[in-house]
Every structure is written in C-alpha cells, then in structure tokens.
Amino acid sequence: MKIFDRKKVVFLTKHGKEAVVKPLFEDQTGCHVIVNREFDTDRFGTFSRERKRRRTQLKTARMKIKMGLKRSNADLGIASEGSFGPHPQLLVPWNVEMVLFYDPKDKYEIFGIYEGPLTNFSHRITSEYEEIIEFATKVGFPEHHLIMRPDHEKHKFIIKDIDDFFKLKAAYERCMKRSVMSKVYVETDMRAHANPTRMRNIEKATQDLVDKLMKLCPVCNAPGFTAIQEVKGLPCSRCGTPSEFTEKIVYECHKCGHNEEHFYPYGRFVPAEYCHVCNP
Ligand SMILES: [Zn+2]
Ligand SMILES: [Zn+2]
C-alpha cells in the first residue's frame, strides 16, 4: 500500500502545473489529485508585475492550499509557488520552486524545493527587431513564450502569450506604435505553461517533496520523517575545536514526536585547513 492510498489531494492552479505535479504525485503516493482551476491564482501576485507579490512564497502557497481545501472535500492539499531574480551573492538569474504539502487533520506541512540557476529569466529593451529575434532565440522561443510592453517594464499596455514569430512581429509593431521612446520591453514569460524550463524545475521540487513524504517515522509510521535541524560543530582533525560545519542532523516526527540525531552526515572531522585555531 502506498502512503496516501486513495486519499484526495486538492491542487489549486491556473497555469497548467498539474501536467508535471499530478502524475508524479499520484504514481508515487497512491493519492488522487483533484485539480481546481476555478480560482484565479494571479490574485496572489503575478510575475509580470500587474499585481505585486505581497506575501512570501511560503505564505502564498499556504493561502492557495487553504483556498483549495475550502473549495473541495479533499483530505490533503498541495500548492506550488516559484520566485525569480538575481541571486544575492552570485548575481546570476536564480529560480526557487517550492511545492508545499499540508495535512489539515494532523496539521503538518512539508515542502519540496528546487533551487538553482536553470532558468531563462531575463529581459531586453531595444528598438531593433533583429535584437528581439536574437533575444528570443537565446531564451528558447517559441517553446518558451514572451511578454512585451512599450518603453519600460511597468507600462500598462501589455501583450502576453507571444508563442510564434508572427505574433512576435505583430507585438513589436503594436508596442512600437505606443512607445514614446521608440523602444520595447521584451521579457521571458515565467508562467509555468509558458516556460518548459520552469516546468522541469517544478517537477524537481515535486520529486523532492515526495521523497521527503515517503520517509516514514520508524515508531508510528507517519509520512514525512524529515530533518528539522542541522547542528554545527564538527571538530577539527588536529585540535578538536568545533567548526562551522555540520556535526549532526536532527530528525523529528510531526505526529508522535519521536526524534533521532544522525551524527557526522558529511564526515567525522574537519580538515585543519578549515579550522580557525589551526589556520586563522
Ligand atoms: Zn512518529
Ligand atoms: Zn584545529
């Protein structure tokens, strides 16, 4: 028997994410995913800035699950939420995809995550159509769709669903006509159905979630026996001084409270080169 055998899981989504989330979740956990498209999830914020994202990724995902559970008779809820932007240190485009799971009966949540540079998130401001073609080719158009505006990123006039070269040319001409600077602002469409790269990242986050859920508590068998804390202090191999490296990981069951400490997940000692006493 699988962990969620015949349980109903509601998934509130507008942009076709069920294409990757539903089969993966159903196959591996045995549940039935009910897709709810009635609700406009753009109300929680969009990538194209018509509406600002006011909550954090996690809070938004929680809101979506709450709405989904309210509108169905499901036992469980899942939601997916992504974010894009330059990585604060690496300064490369960065995508974080989260798939959140919530069990309203036992009141516990677990999230799966993908985080990395695999994204085509970018934009270009230009007056030349040739430059738009070059940009489009670079970001994987037409499989990856584009969005265009006149002049700048906040312009009220916006053309979405650009998914072939005919529409691209037409969008360029319409935006140029409305432009006061003779420029257009073209950018990648980050909605899941318009962005196969993002869709693959959502799939990875979903797999991470399923992997976490399928770890069962050794005492009560509840799904989702996951790490709750990483404790630093791995000793130096020469002098034994505790370091900033992980010494143990603590796992805890959300249901019965059983916990386990797993020591030395990345090795027994830190090389003296990393020690602030031996190598200050
Ligand atoms: Zn337990
Ligand atoms: Zn040392």
Side-chain angles (χ1 to χ4, degrees), residues 1-11 21-22 24-34 57-59 61-62 64-66 68-69 72-81 89 98-115 204-280:
M1 200 175 95
K2 292 178 175 170
I3 54 168
F4 297 138
D5 200 29
R6 288 192 291 263
K7 287 244 168 87
K8 282 185 248 169
V9 181
V10 66
F11 183 34
V21 174
K22 186 177 158 79
L24 201 158
F25 225 83
E26 290 185 338
D27 288 355
Q28 299 185 37
T29 73
C31 70
H32 176 57
V33 173
I34 306 157
Q57 221 166 334
L58 184 61
K59 277 184 185 158
R62 281 178 184 148
K64 286 183 181 172
I65 289 180
K66 214 171 142 191
L69 287 168
S72 69
N73 61 345
D75 310 291
L76 307 162
I78 46 175
S80 151
E81 193 61 23
Q89 282 98 42
M98 173 190 285
V99 181
L100 184 69
F101 166 91
Y102 182 65
D103 178 339
K105 191 168 145 266
D106 286 343
K107 297 201 186 330
Y108 75 97
E109 67 177 19
I110 288 179
F111 60 81
I113 211 114
Y114 163 83
E115 186 174 5
K204 287 174 200 155
T206 308
Q207 186 62 59
D208 182 48
L209 171 62
V210 170
D211 290 345
K212 285 175 178 165
L213 283 168
M214 297 215 303
K215 290 205 179 79
L216 306 182
C217 169
V219 173
C220 77
N221 252 351
F225 189 66
T226 49
I228 56 157
Q229 197 190 359
E230 282 205 21
V231 182
K232 293 171 181 174
L234 194 63
C236 165
S237 63
R238 192 181 297 157
C239 72
T241 304
S243 72
E244 286 296 295
F245 290 78
T246 301
E247 185 179 39
K248 64 179 182 186
I249 299 178
V250 183
Y251 291 79
E252 190 174 273
C253 173
H254 56 82
K255 197 162 186 179
C256 74
H258 168 71
N259 73 67
E260 287 177 7
E261 294 183 334
H262 292 197
F263 276 86
Y264 316 123
Y266 314 117
R268 181 70 183 78
F269 294 103
V270 173
E273 287 77 14
Y274 295 101
C275 174
H276 65 92
V277 175
C278 300
N279 192 16

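Both ligands and their constituent atoms are indexed starting at 1 by order of listing.
Salt-bridge formation is detected for the pair Asp208/Lys212: a Lys NZ or Arg NE/NH1/NH2 atom is positioned less than 4.0 Å from an Asp or Glu carboxylate oxygen.
Under the 30°/60° scheme for interplanar angles, the aromatic rings of Tyr251 and His262 are found to be tilted.
When distances to the Zn ion (ligand 2) are checked against a cut-off of 2.8 Å, Cys236 contributes an N, O or S atom below that limit. Counting backbone and side-chain atoms alike, Cys253 contributes an N/O/S atom closer than 2.8 Å to the Zn ion (ligand 1). Counting backbone and side-chain atoms alike, Cys217 contributes an N/O/S atom closer than 2.8 Å to the Zn ion (ligand 1).
Put simply, the side chain of Ile249 reaches to within 4.5 Å of the side chain of Tyr266, judged on heavy atoms.
The nearest pair of heavy atoms linking Ala79 to Ala61 is CB-O, 3.5 Å.
Put simply, the angle at the Zn ion (ligand 2) from SG in Cys239 to SG in Cys278 is close to 110°, to the nearest 10°.
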